[in-house]
Amino acid sequence: MHQPYTSSELFHFVGHAQPQDDARNCSTLIQILRAGLLSFPPHDKPGRLPRTVTVRPEASLLDEQLISPHITCFADIPADSLGSHVSRYGRFGLSFQRAELIKWGARPVAYVPTFKGDWDGLAGRPLLRDIQAVYKGFRKHFDDRVPPQPETMPRTMEEMFASKHLYREMGKIPSDEVQLMRGLKSILEMELLAYIKPFNADLPDDHRDNFYMEREWRLLGQWPFDIADIVHVHLAPAFRSAVEAEFPTLAGRIIEIPTS
């Protein structure tokens, strides 16, 4: 059944910094197509990188600085409803099959709405503060009780036995307290907190900072792709010929986005 509020494609537009600068955004798009890579700042490492996050223990979950995942972002918006998104992110972007991105771990964020007057209670900012407090408490106990992980993998049977609590096969029940603590830390940071997205529910739908309207999906790490993987390329009409000249196989997959 056709669901007009979902999409089989996930979109990545490149002009969030300056959505009206078509020349700059077209240049960014061409660089991405040449590299065959959607990456995160500082955009200096090729290929599929390990899934990582940056933790700032003294920062806040509310402003998304406590856990900063190294991610590639996509929007789950039907193509004929991209107008608001394009106004914030520019007219240049790519889309990929949602089913393919899912195979590599892409999934929706968990939106947490904040609202005027939510200074106490069980929702909004109080909820985010409580999640943050529990995580920071866990980190304190973790740092006090769990030894640092060695920088290199064990090389001998003796080293493997001595460090067996450091490594756990996915899906296996942790074998001891250290392995349990390490597993909890990884799941909290990489699988839960990395996907929390606060947004101001009091903002109108078309406001630039109403992030809920992006219907964001996140993929931890970068997204290497082949030109054949691209479902559509979206661009401003004046730049079509330049893109087609360099990437002729995209000709039948280009969608022009005129000035609204």
Side-chain angles (χ1 to χ4, degrees), residues 3 5-7 10-13 15-20 40-42 51-78 81-90 105-146 177 180-221:
Q3 300 286 359
Y5 47 85
T6 62
S7 175
L10 297 184
F11 299 87
H12 179 95
F13 281 80
H16 185 245
Q18 296 185 32
Q20 304 305 318
F40 45 78
R51 301 162 73 247
T52 56
V53 300
T54 295
V55 179
R56 301 178 180 88
E58 302 308 315
S60 169
L61 189 61
L62 182 62
D63 61 13
E64 299 184 80
Q65 294 301 305
L66 176 64
I67 302 289
S68 298
H70 304 150
I71 51 173
T72 310
C73 298
F74 302 88
D76 180 13
I77 303 172
S81 299
L82 281 169
S84 177
H85 191 72
V86 167
S87 70
R88 306 173 202 179
Y89 285 85
R107 52 190 169 92
V109 301
Y111 283 106
V112 178
T114 63
F115 50 94
K116 185 177 181 180
D118 66 345
W119 298 109
D120 56 15
L122 302 176
R125 292 177 180 85
L127 173 60
L128 290 167
R129 288 198 297 268
D130 192 54
I131 295 172
Q132 174 179 298
V134 171
Y135 169 71
K136 289 187 176 184
F138 170 79
R139 275 299 300 258
K140 182 180 186 306
H141 288 285
F142 181 91
D143 293 340
D144 290 345
R145 298 171 64 178
V146 178
E177 182 181 10
L180 172 63
M181 295 282 279
R182 289 190 181 279
L184 284 173
K185 179 176 179 291
S186 175
I187 287 173
L188 281 172
E189 293 175 353
M190 305 281 289
E191 311 300 345
L192 298 177
L193 298 181
Y195 288 86
I196 287 181
K197 180 74 174 181
F199 79 98
N200 185 345
D202 294 323
L203 295 176
D205 289 351
D206 59 354
H207 194 283
R208 178 179 174 84
D209 295 328
N210 189 340
F211 300 117
Y212 181 68
M213 303 310 294
E214 297 176 7
R215 299 172 61 96
E216 181 183 343
W217 283 51
R218 289 180 176 176
L219 175 68
L220 277 175

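- Legend: residues meeting ring-ring contact (aromatic ring centres under 6.0 Å, His included) with His16, ordered by chain and number and at least two apart, are Tyr89.
- Nearest heavy atoms, Thr114 versus Leu128: CG2-CD1, 4.0 Å.
- Remark: Phe11 pairs with His234 by the ring-ring contact (aromatic ring centres under 6.0 Å, His included) rule, at least two apart or across chains.
- Counting heavy atoms from C-beta outward, Arg208 and Pro19 have side chains that approach closer than 4.5 Å.
- A search for side chain to side chain contact (heavy atoms under 4.5 Å, CB included) contacts involving Asp63 returns Ser60, Gln65, not counting sequence neighbours.
- In terms of the salt bridge (Lys or Arg N to Asp or Glu O under 4.0 Å) criterion, residue partners of Asp144 (sequence neighbours excluded) are, by chain and number, Lys140.
- Residues Pro126 and Trp119 come closest through the heavy atom pair CG-C, 3.8 Å.
- With sequence neighbours excluded, the residues forming a ring-ring contact (aromatic ring centres under 6.0 Å, His included) with Phe40 are His70, listed by chain and number.
- Evaluation of the side chain to side chain contact (heavy atoms under 4.5 Å, CB included) rule for Leu188 yields Tyr135, Phe138, Leu192 as partners, not counting sequence neighbours.
- Here the closest non-hydrogen pair linking Thr6 and Pro78 is O-CG, 3.4 Å.
- Closest heavy-atom contact between Ile77 and Ser7: O-CB, 3.5 Å.
- Residues Ile67 and Val55 meet the side-chain proximity criterion, which asks for heavy atoms closer than 4.5 Å.
- Nearest approach of Asn210 to Pro204, heavy atoms of both residues: ND2-O, 3.1 Å.
- Note: Ser186 OG to Met181 CE = 13.5 Å, rounded to the nearest 0.5 Å.
- Atom CG of Asn200 sits about 8.5 Å away from atom CG of Asp209, to the nearest 0.5 Å.
- Counting only distance, with no hydrogens or angles, the side chain of Arg215 and the backbone of Tyr5 share a donor-acceptor pair below 3.5 Å.
- Note that the CG atom of Leu61 and the NZ atom of Lys136 stand 9.0 Å from one another [nearest 0.5 Å].
- Applying the salt bridge (Lys or Arg N to Asp or Glu O under 4.0 Å) test to Asp143 and every residue at least two apart in sequence or in another chain returns Arg139.
- Once rounded to the nearest 0.5 Å, the distance linking CG of Leu184 with CD of Glu189 reads 11.0 Å.
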Practice item. Just do the side-chain contact (heavy atoms from CB on, under 4.5 Å) check on Val109 and Phe211 with the steps written out, would you? Key: CA-CA 11 Å; Val109 301; Phe211 300 117; over 6 Å; no
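- In this structure, His12 contributes its side chain and Cys73 its backbone to a donor-acceptor pair below 3.5 Å.
- Taking Asp118 as the reference, Arg125 meet the side-chain hydrogen bond (donor to acceptor under 3.5 Å, both in side chains) condition, with sequence neighbours excluded.
- One distance of note links OG1 of Thr52 with CD1 of Ile71; it measures 11.0 Å at 0.5 Å rounding.
- Every residue two or more places apart in sequence or in another chain that forms a ring-ring contact (aromatic ring centres under 6.0 Å, His included) with Tyr111 is listed here: Phe199, Tyr212.
- Legend: residues meeting salt bridge (Lys or Arg N to Asp or Glu O under 4.0 Å) with Arg218, ordered by chain and number and at least two apart, are Glu64, Glu216.
- Side chain to side chain, Ser84 and Arg88 meet the donor-acceptor criterion of an N or O pair below 3.5 Å.
- You'll find the side chain of Trp217 stays beyond 4.5 Å of the side chain of Leu219, heavy atoms only.
- Residues Leu62 and Gln132 form no side-chain contact, since every pair of their non-hydrogen atoms from C-beta on lies 4.5 Å or further apart.
- Between Val112 and Ile196 the shortest side-chain heavy-atom distance falls below 4.5 Å.
- Nearest heavy atom pair, residue Met213 against residue Asp205, reads CG-O, 3.2 Å.
- Between the CZ atom in Arg107 and the OH atom in Tyr195 there is a gap of 4.0 Å [rounded to 0.5 Å].
- Evaluation of the side-chain hydrogen bond (donor to acceptor under 3.5 Å, both in side chains) rule for Ser68 yields Arg56 as partners, not counting sequence neighbours.
- Partners of Arg51 by salt bridge (Lys or Arg N to Asp or Glu O under 4.0 Å), not counting sequence neighbours, listed by chain and number: Glu191.
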